[in-house]
**Student:** 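Questions regarding the structure given below will be posed in turn.
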Amino acid sequence: MLRKILGLAAALLFIQSLNAELDWNITGSGARAAGMGNAFIGIADDATAINWNPGGLTALEHFEASIVGGWVADIEENSVEDNASYEYSEDFSYTHANLNFISMAYPMTVREKKLVLAAAFQKQLDFFSEDESETYIYESKGGVYTANIGAGYQVLPYLSIGTTANIWMGESESTEEETGTYDYYFEDNNSNFSGFNLSLGAIFDMSAIKENIPLKIGLVLKTPFDLDYDYEYYYYGRILQVRRKLYFRR
């Protein structure tokens, strides 16, 4: 009975930490936007506009594709020494590469107005993590992704609007094992994510009205949605299944 209670408490604690501690303030991707402090909504003039501001897609003159990747390295060195001549040292390191974002956009003309169709795939959250010692092993992998389908349309020479449909999906898996001198501990966690929302955007270009006013104003609205996830928790031979929602209101 005690193990059931401990397992339930650990699972609920994990769920609450997932909701509260992770940064879900997703905006977009790309090294150029990151170099501008993510102040890219008012510009958004390349293929990454599908996630930043779909209204900016009309700035494209030709077919364009984008790809963004990431690489992480972690090196840990630990050592302990006391007055009783006890010495202990341990080193651990790992590297991780991932594909963060890929997109393509194709411009065309419809009734003398520019229309740009685009599609993208983005890794919104990366769960990869590793930790290891003589008595402890932890591994986590997976992520939350979005498949994006969008379009931008030039309503007026100075006004463009756009929309992107975001299909959320993903899964995560983590294992934790501890083999101490007096006890053995093992747990396994699996989660599956799903959701859907829209991104609506517009760009107002003052330079199209008057050349000596190089000003663009961008507006973006992301519809609220529920990110559903199914969570399975394995603890000391017992399985706990939970279905929960993460609420996103913007």
**Student:** Donor-acceptor pair, K114 side chain versus Q154 backbone, under 3.5 Å?
**Tutor:**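 Answer holds: no.
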
**Student:** Please check if any side-chain donor atom of S129 sits under 3.5 Å from a side-chain acceptor atom of S140, or the reverse.
**Tutor:**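 S140 and S129 do not have a side-chain donor-acceptor pair below 3.5 Å.
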
**Student:** For T58 and G152, which heavy atoms make the closest approach, and how far apart are they?
**Tutor:**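 Shortest heavy-atom separation between T58 and G152 comes out as CG2-C, 3.6 Å.
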
**Student:** T223 side chain to L198 main-chain N or O, any donor-acceptor pair under 3.5 Å?
**Tutor:**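 Yes: the side chain of T223 pairs with the backbone of L198.
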
**Student:** Which pair of heavy atoms, one from L60 and one from A105, lies closest together, and at what distance?
**Tutor:**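 That would be CD1-CB, 3.4 Å.
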
**Student:** Quick one: does P107's side chain get under 4.5 Å of V116's, heavy atoms only?
**Tutor:**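 Sidechains of V116 and P107: in contact.
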
**Student:** Salt bridge check, K141 against D126: does any charged N sit closer than 4.0 Å to a carboxylate O?
**Tutor:**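 K141 and D126: not salt-bridged.
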
**Student:** For the backbone of A202 and the side chain of N53, can you confirm whether one donor and one acceptor N or O come within less than 3.5 Å of each other?
**Tutor:**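 Between the backbone of A202 and the side chain of N53 there is a qualifying donor-acceptor contact (under 3.5 Å).
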
**Student:** Would F101 and F121 count as a close aromatic pair, with their ring centres under 6.0 Å?
**Tutor:**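 No, too far apart.
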
**Student:** Any side-chain heavy atom of I167 sitting closer than 4.5 Å to one from T146?
**Tutor:**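 When only atoms from C-beta onward are counted, T146 and I167 do not touch, as no gap falls below 4.5 Å.
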
**Student:** Please tell me if the side chains of K123 and N98 come closer than 4.5 Å, counting only heavy atoms from C-beta onward.
**Tutor:**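 They are in side-chain contact.
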
**Student:** Would you give the length of the straight line joining atom CG of L227 to atom CG of L125, rounded to the nearest 0.5 angstrom?
**Tutor:**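 Here the rounded value is 10.0 Å.
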
**Student:** Would you say the side chains of D46 and S66 form a donor-acceptor pair under 3.5 Å?
**Tutor:**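 No donor-acceptor contact under 3.5 Å links the two side chains.
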
**Student:** Please determine, by modelled atom types, if Q122 and N51 share a side-chain donor-acceptor pair under 3.5 angstrom.
**Tutor:**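 Yes, because at least one side-chain N or O of Q122 sits under 3.5 Å from a partner of the opposite role on N51.
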
**Student:** Does Y153, at its OH atom, have more than 12 non-hydrogen atoms belonging to other residues, nucleotides or ligands within less than 6.0 Å?
**Tutor:**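 Check passes, neighbour count above 12.
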
**Student:** List the steps, then state whether side-chain contact (heavy atoms from CB on, under 4.5 Å) holds for N190 with N192.
**Tutor:** CA-CA 7 Å; N190 294 277; N192 292 283; 5.6 Å; no

**Student:** So how far is it from Q124 CD to W168 CH2, rounded to the nearest 0.5 Å?
**Tutor:**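 The CH2 atom of W168 is 4.0 Å from CD of Q124, to the nearest 0.5 Å.
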
**Student:** Check the angle between the aromatic planes of F128 and H96 and answer parallel, tilted or perpendicular using the 30° and 60° thresholds.
**Tutor:**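 Ring orientation of F128 relative to H96: parallel.
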
**Student:** With clusters defined by side-chain heavy atoms of hydrophobic residues (ILVMFWY) lying less than 4.5 Å apart, directly or transitively, does I43 cluster with I217?
**Tutor:**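 No, it is not one cluster - the side chains of I217 and I43 are not joined through contacts under 4.5 Å.
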
**Student:** What's the separation between atom CD1 in I102 and atom OG1 in T48, rounded to the nearest 0.5 Å?
**Tutor:**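 Rounded to the nearest 0.5 Å, the CD1-OG1 separation comes out at 13.5 Å.
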
**Student:** Around atom CE of M169, are there more than 12 heavy atoms from other residues, nucleotides or ligands closer than 6.0 Å?
**Tutor:**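 Atom CE in M169 is packed in, count exceeds 12.
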
**Student:** Any chance you could measure L221, atom CG, to T163, atom OG1, to the nearest 0.5 Å?
**Tutor:**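 Atom-to-atom, L221:CG and T163:OG1 are 9.5 Å apart.
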
**Student:** How about N197 and K222: do any of their side-chain heavy atoms sit closer than 4.5 Å?
**Tutor:**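 Yes; the side chains approach each other to less than 4.5 Å.
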
**Student:** May I ask whether I209 and L159 are part of the same hydrophobic cluster, defined by side-chain heavy atoms of I, L, V, M, F, W, Y residues being less than 4.5 angstrom apart, directly or through others?
**Tutor:**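 They do share one cluster, since a chain of ILVMFWY contacts under 4.5 Å joins I209 to L159.
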
**Student:** When hydrophobic residues are tied together by side-chain contacts of less than 4.5 Å, even through go-betweens, does M108 share a cluster with I161?
**Tutor:**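 Same cluster: M108 reaches I161 through Ile, Leu, Val, Met, Phe, Trp or Tyr contacts under 4.5 Å.
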
**Student:** Do you know which two heavy atoms are closest between S160 and G55, and how far apart they sit?
**Tutor:**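 Shortest heavy-atom contact: CB-O, 3.3 Å.
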
**Student:** Decide whether I41 and M206 are clustered together by the hydrophobic rule: side chain heavy atoms of Ile, Leu, Val, Met, Phe, Trp, Tyr closer than 4.5 Å, transitively.
**Tutor:**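 No.
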
**Student:** Answer whether the closest heavy-atom distance between the side chains of S174 and N189 falls below 4.5 Å.
**Tutor:**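 Heavy-atom side-chain distance check passes, below 4.5 Å.
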
**Student:** Between F127 and F193, what is the ring plane arrangement, given parallel below 30°, perpendicular above 60°, and tilted in between?
**Tutor:**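 It falls in the parallel class, under 30°.
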
**Student:** Measure the CD-OG1 distance between E139 and T175 for me, rounded to the nearest 0.5 Å.
**Tutor:**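 Output value for this atom pair is 5.0 Å.
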
**Student:** At their closest point, which heavy atom of A120 faces which heavy atom of I50, and how far apart are they?
**Tutor:**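 Scanning both residues completely, I find the closest heavy atoms to be CB-CG2, 3.7 Å.
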
**Student:** Roughly how far, to the nearest 0.5 Å, is CG of D45 from CD1 of I203?
**Tutor:**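 Interatomic distance, I203 CD1 to D45 CG, rounded to 0.5 Å: 8.0 Å.
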
**Student:** Would you tell me whether S29 and N100 have side-chain atoms, one donor and one acceptor, within less than 3.5 Å of each other?
**Tutor:**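 There is such a pair (donor and acceptor under 3.5 Å, judged by atom type) between the side chains of S29 and N100.
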
**Student:** Treating Ile, Leu, Val, Met, Phe, Trp and Tyr as nodes and any side-chain heavy-atom pair under 4.5 angstrom as an edge, say whether F196 and I149 lie in one connected cluster.
**Tutor:**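 As far as the 4.5 Å side-chain criterion goes, I149 and F196 are not connected within one cluster.
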
**Student:** Does OH in Y106 sit with more than 12 non-hydrogen atoms of other residues, nucleotides or ligands closer than 6.0 Å?
**Tutor:**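 For Y106, atom OH is not crowded (no more than 12 foreign heavy atoms under 6.0 Å).
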
**Student:** Would you say T164 and N148 are linked by a side-chain donor-acceptor pair, where the criterion is simply a distance under 3.5 Å?
**Tutor:**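 Result is no, nothing qualifies.
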
